[in-house]
Structure formats: structure tokens, C-alpha cells
Amino acid sequence: MTTPMELSAGGGSSYQKFVRFALEQTKLRTALTPLPSQEKFKSIKVKDEKKTVLNTISFSSPKIRLLRSLTIESNQSMQVLDFGAFSKPEYDLPIFCANAFTTPTRSIVVLDLNPLYDVTQQSDYKEKYYTKLMHLSEKYSKILPWGGKITSESLSFFSPIVIWTTFSSSLFLHNTLYSAFVDYFKAWLDLMDGAKEEKDKFKISLNCEAQHKYLTWRAEKDPGYPLLKKLFGENMAEELVREFLFEGVVSMGNKTFLDYFPEYKSENGNINQKRSVIGKSYETRPWDFKGEFIGNKPR
């Protein structure tokens, strides 16, 4: 069976195809301007340069605050994709999120239009952005099924169309994932094209805080941080997370992780490092194909 690792032999990470598609399509819709972080992080050194290749890009546009990508390929043993697109706070667009970790035997994937506001609580936001996209979930959920338990805390940052999956690495499933990436990113670009600029300063401030809350959660709980620390050292890993992957966690607001998530405060005042403090998780997809939340009984 051909794997994505074999596909990329001699030609760089196969996830570069995902990134190229996204850039090409975005440039057809809007003008992209390189951000300073692209220059800063493209030259960082990996501890084992002979075996590991890192690629980073970051851009902005009139509606996009940050479009960035990080890919890692490690000597045919590992491939990583971390691609995200964040709108400016004048727009309440979902956050495009594509995370994949692939070895010769296993792939772990999250692909979603992460909601700016919790869709299990704000039905108007769900109706605005996801009702017309539920066909995407129906199209891919059988081939790329639910990946198992996910914490209640994480769920608030996922949409009804999220693809959260794990599978044995194969060329067929890698190509299926690429097809899903294409469909989901085109859907996000369509939403961007149709987005109307918000003029109300209060609503803009709410959008800004909602995005900052998301960035704060991701920067603290990013599952890829241990790998970045191993590859680049603790200081550079911290910079990659806070100044590149989740840029804005410093500049978009002053609230801390514990301000947003006080339930994670331990007895000594520090952040409880447990994956979940609620202790509940969802073993199966908690939305139906109409986008209705059916996960009221987490396990």
C-alpha cells in the first residue's frame, strides 16, 4: 500500500500540495501581503537539519488578519501540517483550521471552520455560517469517521462540520483528506467573499475578544507544542506558538488563560495541566447531519 510518506519521497512534504492550493485560491480572491513573521521564522534552525525540513508562510489581506502555514517533514518518518486563516475583527468569520500529523502508519487530523462563537449556545451564528455547509460533513464523515474521545472544553471551539479523525496512513485516505481540504477551504473563501464589514465598535470588540479567547486556548493547549519543543528548543517553540501559529495572543487582548478559563486554576494559582478538568468527553460525533447538537450526554 502506498503511503503519503512514499508519495513525498524526493519531492518535499506532500502537505505542500495543500498549502499551494490554498495560496493559489486565495490569490484569486484577494491581494495577499507577506507578514514580517514569514521572514523571521523561515530561517529558524532545526536541531537535526539533515533530517527535518520546516516551511513557514504568513500573509494578510483586506479581510484576513492572518493566513499562515507551518509544515514539517522529518526524513520520511513524520509529516505535519498546521494551516490557519483568521479574519480581521471587523468580520465574525469562522477560523479556518487544518491540522494533520502523519507517520508511515497513522494520521491524526482536525479540519474545520472553527466557530468564533460557541455554536452549541449561539444558534444564530450556527445558522449564519454552517447550515448551508452541513453537506460537507455528510460527504466526508463516513470515509473520515469521528476519531474518538474529545474533551468538552475543546468542543466549544469546533463546528458541526468538523472532521476530527485518525486513520491508517494510505494514499487513498490522504487524497480524500486533500479533497476535503479543498472543499472546506473553498467554502471558507466563499464566506470571506460574502462577509460584510462590521461598523459597530462594540460588535468589533466582541469579535476581537472571541478571537483572542480562541488564540489563548490554542496557544496554551496546542498538542503540537511538545514536538516543536523537541525540534527547536523551548524558547523557539514558545515563539513559534505565540508569535506565528497563534499570533495575536499578545496583541489582541490582555486577558490571560485563567481569565477566560478560571476552572483550570489549580490550588497554587497556576494552570492545571490536565487535558480536561471537566472530565467529560464525546466518543461519537455530537452533531447530526442537520447540525443539531446531540451530545448532551458526554462520557
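Just so it is clear, the values below take in all heavy atoms, side chains as well, and ignore hydrogens, waters and symmetry mates. Sequence positions, counted from 1, serve as the residue numbers for this chain. Because the structure is a prediction, the values reported are computed rather than measured.
Taking T56 as the reference, nothing meets the side-chain hydrogen bond (donor to acceptor under 3.5 Å, both in side chains) condition, with sequence neighbours excluded. When the side chain to side chain contact (heavy atoms under 4.5 Å, CB included) test is applied to N268, the partners found at least two apart in sequence or on another chain are S266, N270. Every salt bridge (Lys or Arg N to Asp or Glu O under 4.0 Å) that E39 has, sequence neighbours left out, goes to K42. For E90, there are no side-chain hydrogen bond (donor to acceptor under 3.5 Å, both in side chains) partners, not counting sequence neighbours. Scored by the side chain to side chain contact (heavy atoms under 4.5 Å, CB included) test, T131 finds E127 as partners (sequence neighbours excluded). Remark: D259 engages T256 in a side-chain hydrogen bond (donor to acceptor under 3.5 Å, both in side chains) (not counting sequence neighbours). Scored by the salt bridge (Lys or Arg N to Asp or Glu O under 4.0 Å) test, K290 finds no partners at all (sequence neighbours excluded). When the salt bridge (Lys or Arg N to Asp or Glu O under 4.0 Å) test is applied to R68, the partners found at least two apart in sequence or on another chain are D82. When the salt bridge (Lys or Arg N to Asp or Glu O under 4.0 Å) test is applied to E197, the partners found at least two apart in sequence or on another chain are K199.
Nearest heavy-atom pair across V109 and F167 is CG2-CE2, 4.0 Å. The shortest heavy-atom contact between E198 and D200 is OE2-N, 3.0 Å. Counting all heavy atoms, side chain and backbone alike, F41 lies closest to L54 at O-CD2, 4.1 Å. Between K265 and G269, the shortest heavy-atom contact is CE-CA, 3.8 Å. Shortest non-hydrogen contact noted between A195 and Y91 is CB-CD2, 3.7 Å. Scanning both residues, K63 and M192, for their nearest heavy atoms gives NZ-O, 2.9 Å.
Judged by distance alone, with hydrogens and angles left aside, the side-chain atoms of Y140 form no donor-acceptor pair with the main-chain N or O of H135 at under 3.5 Å. Side chain of Y130 to main chain of L113: a donor-acceptor pair is present (N/O by atom type, distance under 3.5 Å, no hydrogens or angles). Judged purely by atom type and a 3.5 angstrom limit, S169 uses its side chain to pair as donor or acceptor with the backbone of R106. Using a distance-only test at 3.5 Å, with no hydrogens or angles considered, a donor-acceptor pair links the side chain of T151 to the main chain of S154. Of the possible donor and acceptor atoms, none in the side chain of Q122 sits under 3.5 Å from a partner among the backbone N and O of D124. With hydrogens and angles ignored, the 3.5 Å screen pairs no side-chain donor or acceptor of S156 with any backbone N or O of D118.
Y264 and E153 share a side-chain donor-acceptor pair at under 3.5 Å. Defined by atom type and a distance below 3.5 Å, a donor-acceptor pair is present between the side-chain atoms of T102 and Y15.
When the side chains of ILVMFWY residues are joined at heavy-atom separations under 4.5 Å, either directly or via intervening members, L133 and F289 end up in two distinct hydrophobic clusters.
In this structure the side chain of F101 reaches within 4.5 angstrom of the side chain of M78, judged on heavy atoms. Looking at T105 and S168, their side chains never come closer than 4.5 Å, going by heavy atoms from C-beta outward. You'll find the side chain of V110 reaches within 4.5 Å of the side chain of F158, heavy atoms only. Counting only heavy atoms from C-beta outward, the side chains of F293 and P286 approach each other to under 4.5 Å. You'll find the side chain of P115 stays beyond 4.5 Å of the side chain of K126, heavy atoms only. A 4.5 Å side-chain heavy-atom check between S107 and H174 finds every atom pair outside the cut-off. Proximity of Q79 to T71: side-chain heavy atoms (C-beta onward) are nowhere separated by under 4.5 Å. Taking the side chain as every heavy atom from C-beta outward, Y282 and W287 never approach each other to under 4.5 Å.
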Could you check N55 against L70 for side-chain contact (heavy atoms from CB on, under 4.5 Å), going step by step and ending with a plain yes or no? CA-CA 6 Å; N55 286 289; L70 178 147; over 6 Å; no

Test side-chain contact (heavy atoms from CB on, under 4.5 Å) on D183 and K139 and set out the steps. CA-CA 10 Å; D183 286 348; K139 179 178 180 179; 2.8 Å; yes

V162 and W146: side-chain contact (heavy atoms from CB on, under 4.5 Å), yes or no, with the steps? CA-CA 9 Å; V162 62; W146 191 253; 3.8 Å; yes

Could you walk me through whether W164 and L111 pass the side-chain contact (heavy atoms from CB on, under 4.5 Å) test, one step at a time? CA-CA 7 Å; W164 145 238; L111 177 63; over 6 Å; no

Which donor-acceptor pairs under 3.5 Å do side chains of residues 21-30 form with protein atoms, sequence neighbours excluded?
from : atom 1 : to   : atom 2 : distance (Å)
T26  : OG1    : A22  : O      : 2.6
R29  : NH1    : D190 : OD1    : 3.0
R29  : NH1    : D193 : OD2    : 2.6
R29  : NH2    : D190 : OD1    : 3.2

Mind listing the side-chain donor-acceptor pairs of residues 204-212 below 3.5 Å, one per line with the distance, residues two or more places apart or on another chain?
from : atom 1 : to   : atom 2 : distance (Å)
S205 : OG     : F202 : O      : 2.5
N207 : OD1    : Y117 : OH     : 2.7
N207 : ND2    : P89  : O      : 3.0
E209 : OE2    : K255 : NZ     : 3.4
Q211 : OE1    : R65  : NE     : 2.8
Q211 : OE1    : R65  : NH2    : 2.9
Q211 : NE2    : S87  : O      : 3.0
H212 : ND1    : Y260 : OH     : 2.8
H212 : NE2    : V249 : O      : 2.8
H212 : NE2    : G253 : O      : 3.3

Show me the donor-acceptor pairs, under 3.5 Å and distance only, between side chains in residues 218-235 and residues at least two apart or in other chains.
from : atom 1 : to   : atom 2 : distance (Å)
R218 : NH1    : Y214 : OH     : 2.8
R218 : NH2    : N99  : OD1    : 3.3
K221 : NZ     : K274 : O      : 3.1

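L32 CG to S61 OG: the interatomic distance, rounded to the nearest 0.5 Å, is 6.0 Å. Note that the CD atom of E73 and the CG atom of L81 stand 12.5 Å from one another [nearest 0.5 Å]. Atom CG in D112 sits 9.5 Å away from atom OG in S137 (nearest 0.5 Å). Taking CZ of F86 as the start and CG of N114 as the end, the distance is 8.5 Å to the nearest 0.5 Å. The CD1 atom of I108 lies 10.0 Å from the OG1 atom of T165; values are rounded to the nearest 0.5 Å. Put simply, OG1 on T33 and CZ on F59 are 9.0 Å apart, with the number rounded to the nearest 0.5 Å.
The ring of F261 has its center closer than 6.0 angstrom to the ring center of W217. Aromatic ring centres of F96 and F181 lie closer together than 6.0 Å. Proximity of the aromatic rings of F18 and F83 is defined here by a centroid distance below 6.0 angstrom, and this criterion is not met.
Under a cutoff of 6.0 Å and an axis angle of 45°, K17 and Y178 form a cation-pi pair.
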